[in-house]
Each structure stands twice: as structure tokens, then as C-alpha cells.
*Asks:* 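Please see the structure below; I have some questions.
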Amino acid sequence: MHRWSKLFIPTLREAPADAEVASHKYLVRAGYIRQLAAGIYSFLFFGHRSMLKIANVVREEMDTIGQEFFLPALLPREPWDQSGRWTVMGDNMFRLKDRKGADLCLGMTHEEIMTTIARSELRSYKQLPQIWYQIQTKFRDEPRPKSGLLRVRQFTMKDSYSFDIDKAGLDKSFDLHDAVYRKIFTRCGLKFVAVEADSGSMGGSQSQEFMVYTDAGEDLIASCPVCGYAANLEKAISTLEPVTEMEATGDGKPELVSTPNCAAIADVAAFFKMSPASDIKCVAYMALERGQKGEPDSWQGVAAFLRGDHQVNETKLLSAIGAAELRTMVAEELEKYFKGPAGYLGPVGLTPDAKPLGAGLTVVVDKALEGRENMVCGANQKDYHQRNVVPGRDFSWTLAADIRSVNEGENCPTSSCAGKLVVGKAVEIGHIFKLGYKYSESMGARVLDENGKEITPIMGSYGIGIERILTAAIEQSNDANGFWLPASIAPFTVVVTITNMTDAALRETGEKVAAQLDAAGIDVLLDDRDERAGVKFKDADLVGIPFRINVGKKAAAGVVELVTRATATSVDVPIADTLALVKERVQEDYLLTNLADAE
RNA sequence: CGGGACGUGGCUCAGCCUGGUAGAGCACUCGCUUGGGGUGCGAGGGGUCGGCAGUUCGAAUCUGCCCGUCCCGACCA
């Protein structure tokens with residue numbers, strides 16, 4: 001049994017000046033973590049205990065579908081060269097050299113390593129499917145670590161990898177993970193949602209993120225309160241209201257109009273007395289194309305055209321053209337590609353490349369421009385616009401794609417659903433996706449199928465951020481005094497607070513109550529510090545323990561108090577009944593989180 | 001990487017503008033006191049003022065460079 005008086009639990013009255021979000025402040029104040037450097041934290045007793053509990057929940061559930069491995073964090077360069085990611089990972093990868101000068105890196109993810117094992121060990125379809133996972137430290141040299149444990153450079157991740165014979169097998173592995181993840185997050189007491197996601201630089205097809213709504217989050221997700229549609233803004237779509245087209249003027253052909261000082265869309269709309277929805281706006285980028293097989297990287301011009309009232313979603317644009325990075329064009333580049341200045345860029349007269357990222361200009365139009373008529377756009381000439389512009393008739397493009405971000409209030413994309421989308425901030429706690437053949441193919445993993453033919457296993461990759469479960473749990477359950485965790489992941493389930501250590505009878509009762517809980521397997525912490533009651537109460541409220549038993553004045557009458565942190569409610573309970581009641585409450589706590597999360 | 005802020009005992013901060021003894025609260029140690037929501041009183045210990053260089057008789061304070069941390073943006077399985 002743990003005694004507070006013997007432990008190192010450095011609680012703080014004040015939050016460090018660096019802390020911004022609630023979870024960061026409370027993790028430090030409650031003595032869970034201490035910062036060592038930007039994005040690098042030490043876990044103290046409470047923090048580590050909570051992390052172990054989370055990892056154990058994850059492990060218990062993962063063991064129902066897969067096998068746990070333990071892989072190196074210090075990795076040689078070769079597998080990364082084989083997958084091509086030694087260069088793709090760029091500055092996000094921590095790199096070092098050994099004494100012989102050989103390149104090494106710290107593992108930021110383990111597709112390559114798992115695939116290396118699969119390649120050298122798996123020979124037959126009879127050995128598939130396999131699901132291998134690890135719960136280990138990952139390293140990423142984040143350009144901007146922030147928000148305490150939310151975005152860090154060293155963190156703990158459960159990641160698993162599936163190897164299947166075919167797509168149907170992959171679907172099954174994916175679904176198994178989906179189901180297990182829901183159990184894990186539910187057991188951790190999180191109110192999560194599963195959303196469609198962009199698969200990013202990992203490649204692959206289907207991709208789903210598990211998110212917890214919180215303002216501390218860095219992702220935006222769009223969801224429909226009516227039908228339950230939910231997607232990361234990088235992926236979300238919507239159904240647009242029909243637009244009332246403007247009447248054509250003159251002969252209906254594009255007409256040059258002098259529009260002095262109308263560089264902003266609002267000015268153009270006012271000038272033509274039209275809605276910004278009838279304007280075509282241009283966002284001009286330079287896109288980075290990664291060189292294949294040793295070729296150098298190159299920057300190519302890209303023009304994105306959208307409705308005037310829409311915004312570019314750069315993630316969508318990147319995946320539409322297959323580029324690695326985007327930056328906006330500078331004035332000289334605008335002159336080179338458009339012969340016109342910012343504010344007056346337009347699609348008419350451009351010669352789009354046949355394929356994305358060619359030597360000329362890649363022209364991408366947003367889907368919302370297709371089928372439109374009589375629009376207004378820049379004339380690639382200062383102080384001039386054109387009207388009567390019809391996409392497809394008056395200009396062409398390299399490709400049309402969905403490259404815009406949906407807005408709150410737009411119609412849900414689900415047919416027959418009348419809901420309006422809402423957009424909220426969230427933190428990503430898990431991500432599952434179908435990798436496909438990217439790693440097994442490039443790294444040469446092959447097995448023989450039942451006909452003796454060589455086939456390439458299809459892979460899936462599935463991650464859970466252990467620290468993020470802790471942060472998300474704190475973000476969703478805190479008040480002015482501290483936070484509370486569900487018993488499943490709290491460092492202790494119950495703290496027994498002896499309110500006055502000078503009273504020998506109270507000490508004895510407290511010891512007895514705690515010992516009784518301890519013997520029954522309840523994770524109990526006995527607060528036997530020689531402190532005033534107020535100090536102990538404040539600490540207990542701060543540190544995330546879901547239940548507290550006060551051993552105080554009523555103890556002489558054989559009664560203690562059971563306080564539930566989440567609700568700040570207290571009940572008197574005969575000492576003999578405490579164990580049974582605590583068990584009951586823990587069970588309720590579990591059921592409560594279960595019910596709350598039925599998604 | 002672009003923009004901004006900050007760096008003074010363990011923590012939160014004042015002092016800097018206008019150069020001359022390094023301060024407060026919390027925390028810590030000792031004594032007394034108190035004992036159901038961070039008890040009160042007294043006495044103590046603890047800081048090369050992020051680093052380096054410069055200006056000056058003299059730098060926490062002025063100047064330059066560097067380092068670190070945080071915030072916004074970019075970036076991000």
C-alpha cells in the first residue's frame with residue numbers, strides 16, 4: 001500500500017508560466033511530469049503510473065487481435081532507403097552517425113522495421129494474416145513542440161501493422177482494429193469520434209482517425225449532428241446550395257472590365273454588385289516535387305482556382321497534385337506564370353500542363369467551379385477583370401478536384417440528410433489506415449499463395465498516442481481545482497485522507513480502511529501526511545484520483561465519507577461498507593464512461 | 001523557417017525605462033501555534049540576474065551576437 005508521506009508527489013500551487021492548455025498546467029501542477037527540453041518530458045511517479053495503466057488497457061485489448069513485439073528505437077539507414085523515406089521524412093527525422101560514420105536514425109514509426117521482419121520471415125500464405133504491435137517510444141523532431149504532452153519530440157505510441165494475403169483480409173484487419181480501438185478509448189473514458197481522414201504521406205486508401213473534441217486540439221473536424229457523418233477538415237465534403245448565376249452581358253463572351261483598386265474579392269464583388277460566389281479566385285503556389293531515385297527535388301508552379309467565397313485546403317491540394325510541400329508564389333513567380341500581379345490573377349489565357357507538376361503551370365480548379373457560368377475573374381493585368389467567364393468554355397485546366405475546405409453551416413454530404421455541418425477542434429488520439437503495398441512492395445516482402453505463386457502481402461498500419469489519451473482525458477475532465485481520470489487510467493483509484501494525523505484514533509481507522517481496500521485489490525493511496533485537512537483536500541482534488549475517502553470527525557461513530565471527484569458529491573458510509581461501495585462506484589464509473597461513449 | 005513575447009532563488013513575479021546594496025509571495029529548514037478546504041507568528045538557508053563580448057569608474061539594468069523557452073503562422077502517419 002502506498003503512503004503519500006513516503007512518496008514524491010511534487011504538487012504546485014501555480015502553473016508554470018509556459019503552460020497554456022489545461023492538461024499541460026495540470027500535468028505539471030499535479031506532479032505528473034517535468035519538462036526537460038522543448039517537447040521532451042520526464043514522467044514522475046503519478047505520470048508514469050497513469051501511463052502504465054493506459055498502456056495496459058491498450059495491451060489487454062490489442063492482445064485479443066495481435067502479438068506484442070519490442071523493436072529497436074535506434075535504426076540503421078538501409079530500410080529507410082529501401083522504402084524511400086530516408087529523404088521523404090526530411091528534418092522530422094532525428095539522425096545520427098555511429099563511430100564508423102554510418103547513418104542511423106531514431107525511430108519515428110516502424111513500417112520499415114516490421115516489413116523487414118516480415119520480408120525475412122514470412123514465406124507462405126499459411127502464415128497470414130499477422131498483426132504485430134509494439135508500445136514504444138518514438139522520436140520526431142517536430143518543428144514546433146507545443147501544449148505540454150500534446151505535440152512532443154519523444155512520445156509513446158502503440159502502433160500495429162497487419163499483413164494480409166489480399167484486400168479482403170486487410171479489410172478484416174482494419175475492422176478488427178476499428179473495433180478494438182473503440183473498446184480501448186471507451187475503457188479510457190474518452191468521449192471520442194471516429195472520422196474519415198486524409199492518409200497523408202503514408203500513402204494508402206482508407207484512413208480513419210479517432211478524435212476527442214477539445215479546444216486544445218490542433219485538428220478541425222466537420223460533423224453532421226443529424227446523420228453522424230464526421231470527417232477531418234482535410235477530407236470533409238459538403239453539398240453546396242445552388243448558385244444563382246449572373247446574367248451574361250453583351251455577346252456573352254469574356255469581356256475585359258476596368259476595375260481600379262479591386263484587388264480584394266470583397267471589392268470585386270462590390271464593383272460588379274455580385275456575390276463572391278460568382279467570383280473565381282486564384283491562389284498561386286509553388287509545389288515541391290520530391291525527386292525519384294536520387295533525382296533532386298524541384299519546385300513547380302501551381303494555380304488553384306476556387307469560388308471567391310471558398311478557401312483552399314492545402315492538404316487536399318497536395319494530394320490532388322501529388323506534391324510534397326506548398327508555398328505561395330512570390331511576385332517574380334506570379335509575373336513569370338501569369339504575367340499579372342496578385343489580386344488580378346485569372347485562369348483565362350493560361351496554358352495548363354497536361355499532367356500535374358509539369359515544367360509549366362499546373363492548373364487546378366475546384367469541383368465547385370464545374371458547370372458554372374458567367375463568372376468574374378482577374379484578367380492577369382493590373383486593375384482589370386473579366387466577366388462572362390465560363391469554366392471549360394473560356395479556360396481549361398490540368399485537373400479538377402475537391403481542393404476546398406468545407407465551412408460550418410454547409411449541407412451534410414450524406415444524400416437525404418438535411419443536417420448542417422458543424423466544425424470543431426479536436427485532438428487525434430488514434431489513426432488506422434490501409435497502407436496497401438507501399439512497403440511490402442518496395443522492400444520486397446513476398447509469400448507464396450496456395451497456388452505456389454509469389455504474392456505481395458497487403459499491409460495496414462494503426463497507431464495510438466499513449467500520452468494523448470492522458471492529455472485528452474484531462475482536457476475533457478477538469479475544473480478550477482484540478483482534474484479527474486477514470487479509475488482505469490488514474491494513478492490511484494481512491495485516496496484515503498486522514499483529516500487529522502494528531503488524532504491516533506483517526507490514524508488507526510484510516511490505516512484500517514486503506515488496508516481493507518488494498519487487500520481487495522483496489523488501488524489505494526493513503527494520505528498520511530502531517531498536513532492540515534485543507535491541504536490534503538486541495539491536493540486530492542488536483543491530482544486526478546477519481547475517489548476520496550475522508551476519515552474524519554464521523555469516524556468515532558463508525559462512518560467515513562466517500563467523495564466522487566467528478567461530481568464533487570459526498571456520501572456518508574459505515575466503515576464496514578466502504579469496500580463494497582467503492583467497488584460499486586468504480587463499476588459505475590466504468591459503465592458511465594461506456595454509456596457516454598456509445599457512438 | 002517567417003512573425004511576436006519572454007529568460008532574475010525550486011515556482012510565480014517585481015526591479016531594467018532613468019546604471020551604483022538583488023527583492024516579494026509561495027516552497028524549503030528550525031521553533032512555537034493550528035488541526036474539515038493551501039493555519040498563524042518568529043527565526044533561517046538558498047540567486048555567477050540564460051551565455052559571451054562590448055560601453056562604463058561601475059551593468060540584472062545600456063549595446064551586439066548567441067543560446068533557451070513559449071505563443072501565432074508554416075509544418076505535422
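Nothing here was measured: the structure is a model prediction, and the numbers come from that model. Chain identifiers are assigned alphabetically (A, B, ...) following the order of the sequence lines, protein sequences preceding nucleic acid strands; residue numbering begins at 1 within each chain.
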*Asks:* Does the base of B/rG68 carry an N or O that pairs as donor and acceptor with the side chain of A/D18 under 3.5 Å?
*Replies:*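 No pair found.
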
*Asks:* Can you tell me how far P in B/rA24 sits from the matching atom in B/rG44, rounded to whole Å?
*Replies:*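 Per the computed distance, 12 Å lies between those P atoms.
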
*Asks:* At under 4.0 Å between heavy atoms, what does A/R153 touch on the DNA or RNA strands: base, sugar-phosphate, or nothing?
*Replies:*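 No contact at all - A/R153 keeps every heavy atom at 4.0 Å or more from the nucleic acid.
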
*Asks:* Taking B/rC57 as the reference, what is the distance to B/rC67 when you measure between their P atoms (whole Å, please)?
*Replies:*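 Looking at atom P only, B/rC67 and B/rC57 are 32 Å apart.
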
*Asks:* At less than 4.0 Å, is any side-chain N or O atom of A/R144 found next to OP1 or OP2 of B/rC71? Yes or no.
*Replies:*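 For B/rC71, OP1/OP2 do have a side-chain N/O of A/R144 under 4.0 Å.
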
*Asks:* Remember a base hit wins even if backbone is also touched, and classify A/E561 as base, sugar-phosphate or nothing at under 4.0 Å, heavy atoms.
*Replies:*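 If one applies the 4.0 Å heavy-atom cut-off, A/E561 turns out to touch a base.
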
*Asks:* Measuring from the side chain of A/E314 (C-beta onward, heavy atoms only), which nucleotide among B/rA74, B/rA77, B/rC13 has the closest atom?
*Replies:*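 Selected nucleotide (nearest to the side chain): B/rA74.
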
*Asks:* In whole Å, measure the gap between the P atoms of B/rG46 and B/rC6 for me.
*Replies:*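 31 Å, rounded to whole Å.
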
*Asks:* Without hydrogens or angle criteria, can the side chains of A/S207 and A/E209 be said to hold a donor-acceptor pair below 3.5 Å?
*Replies:*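 No pair is found: no donor N or O on one side chain lies under 3.5 Å from an acceptor on the other.
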
*Asks:* Counting any heavy atom closer than 4.0 Å, what does A/A37 reach on the DNA or RNA strands: base, sugar-phosphate only, or nothing?
*Replies:*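 Sugar-phosphate contact only.
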
*Asks:* Starting the side chain at C-beta, find the nucleotide from B/rC70, B/rG35, B/rG38 nearest to A/N500.
*Replies:*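 It is B/rG35.
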
*Asks:* Just to be sure I understand the rule, does A/R548 reach a base, reach only the sugar-phosphate, or reach nothing, if contact means heavy atoms closer than 4.0 Å?
*Replies:*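 Base contact.
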
*Asks:* With a 4.0 Å cut-off on heavy atoms, is A/D539 in touch with a base, just the backbone sugar-phosphate, or nothing at all?
*Replies:*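 Touches a base.
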
*Asks:* Scan A/N550 against the nucleic acid and name what it touches under 4.0 Å (heavy atoms): base, sugar-phosphate only, or nothing.
*Replies:*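 If one applies the 4.0 Å heavy-atom cut-off, A/N550 turns out to touch a base.
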
*Asks:* Under 4.0 angstrom, heavy atoms only, what part of the nucleic acid is A/D141 near: base, sugar-phosphate, or nothing?
*Replies:*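 Answer is nothing: A/D141 stays at 4.0 Å or more from every strand.
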
*Asks:* So, OP1 or OP2 of B/rC72: does either fall under 4.0 Å of a side-chain N or O from A/K146?
*Replies:*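 Checking A/K146 against B/rC72: at least one side-chain N or O falls below 4.0 Å of OP1 or OP2.
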
*Asks:* With heavy atoms under 4.0 Å as the rule, sort A/S147 into base, sugar-phosphate or nothing.
*Replies:*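 It contacts sugar-phosphate atoms only.
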
*Asks:* Out of B/rU69, B/rG36, B/rG37, which has the shortest distance to the side chain of A/K538?
*Replies:*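 Closest of the options to the side chain of A/K538: B/rG37.
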
*Asks:* Could you let me know what B/rG35 is paired to, Watson-Crick or G-U wobble, both distances under 3.5 Å, or none if it's on its own?
*Replies:*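 By the stated definition (distances under 3.5 Å), nothing pairs with B/rG35.
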
*Asks:* Looking at B/rA27, I'd like to know if its phosphate oxygens (OP1 or OP2) sit under 4.0 Å from a side-chain N or O belonging to A/R13.
*Replies:*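 So the side-chain polar atoms of A/R13 do come within 4.0 Å of the phosphate oxygens OP1 or OP2 of B/rA27, strictly under.
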
*Asks:* Taking the cut-offs as 6.0 angstrom to the six-membered ring centre and 45 degrees off its axis, would you call A/R95 and A/W80 a cation-pi pair?
*Replies:*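 Negative - A/R95 is either too far from the ring of A/W80 or too far off its axis.
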
*Asks:* Does OP1 or OP2 of B/rC70 have a side-chain N or O of A/Q35 closer than 4.0 Å?
*Replies:*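 Affirmative; the distance criterion is met.
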
*Asks:* Between B/rU12 and B/rC28, how far apart are the two C1' atoms, rounded to whole Å?
*Replies:*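 Going atom to atom, C1' in each nucleotide, I get 16 Å.
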
*Asks:* So, for A/F185 and A/F192, which heavy atoms are closest and what is the spacing to 0.1 Å?
*Replies:*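 Where A/F185 meets A/F192 most closely, the heavy atoms are CB-CD2, 3.6 Å.
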
*Asks:* Determine the interatomic distance between P on B/rG4 and the same-named atom on B/rG10; round to the nearest Å.
*Replies:*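 So the two P atoms sit 31 Å from each other.
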
*Asks:* Is there a donor in the side chain of A/S23 and an acceptor in the side chain of A/E475, or the other way round, less than 3.5 Å apart?
*Replies:*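 Indeed, the side chains of A/S23 and A/E475 share at least one donor-acceptor pair under 3.5 Å.
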
*Asks:* Under 4.0 angstrom, heavy atoms only, what part of the nucleic acid is A/Y462 near: base, sugar-phosphate, or nothing?
*Replies:*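 A/Y462: no heavy atom of the nucleic acid under 4.0 Å.
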
*Asks:* Checking all strands, does A/P10 fall into the base, sugar-phosphate, or nothing category for heavy-atom contacts under 4.0 angstrom?
*Replies:*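 No contact at all - A/P10 keeps every heavy atom at 4.0 Å or more from the nucleic acid.
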
*Asks:* Within the 3.5 Å criterion, strictly below it, is a donor on A/S570 or A/E561 matched to an acceptor on the partner's side chain?
*Replies:*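 Looking only at side-chain atoms, A/E561 and A/S570 do not form any donor-acceptor pair under 3.5 Å.
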
*Asks:* Using the six-membered ring of A/F155, assess whether NZ or CZ of A/K138 lies under 6.0 Å from its centre and within 45 degrees of the ring axis.
*Replies:*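 The answer is no; the distance or angle limit is not met.
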
*Asks:* Give me the distance, rounded to whole Å, that separates B/rG7 from B/rC75 when you measure between the P atoms they each carry.
*Replies:*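 Going atom to atom, P in each nucleotide, I get 31 Å.
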
*Asks:* Quote, to the nearest angstrom, the C1' distance that separates B/rG20 from B/rC30.
*Replies:*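 To the nearest whole Å, 36 Å.
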
*Asks:* Determine the Euclidean distance between corresponding P atoms of B/rU63 and B/rU55; express it in Å to zero decimal places.
*Replies:*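 Their P atoms lie roughly 15 Å apart.
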
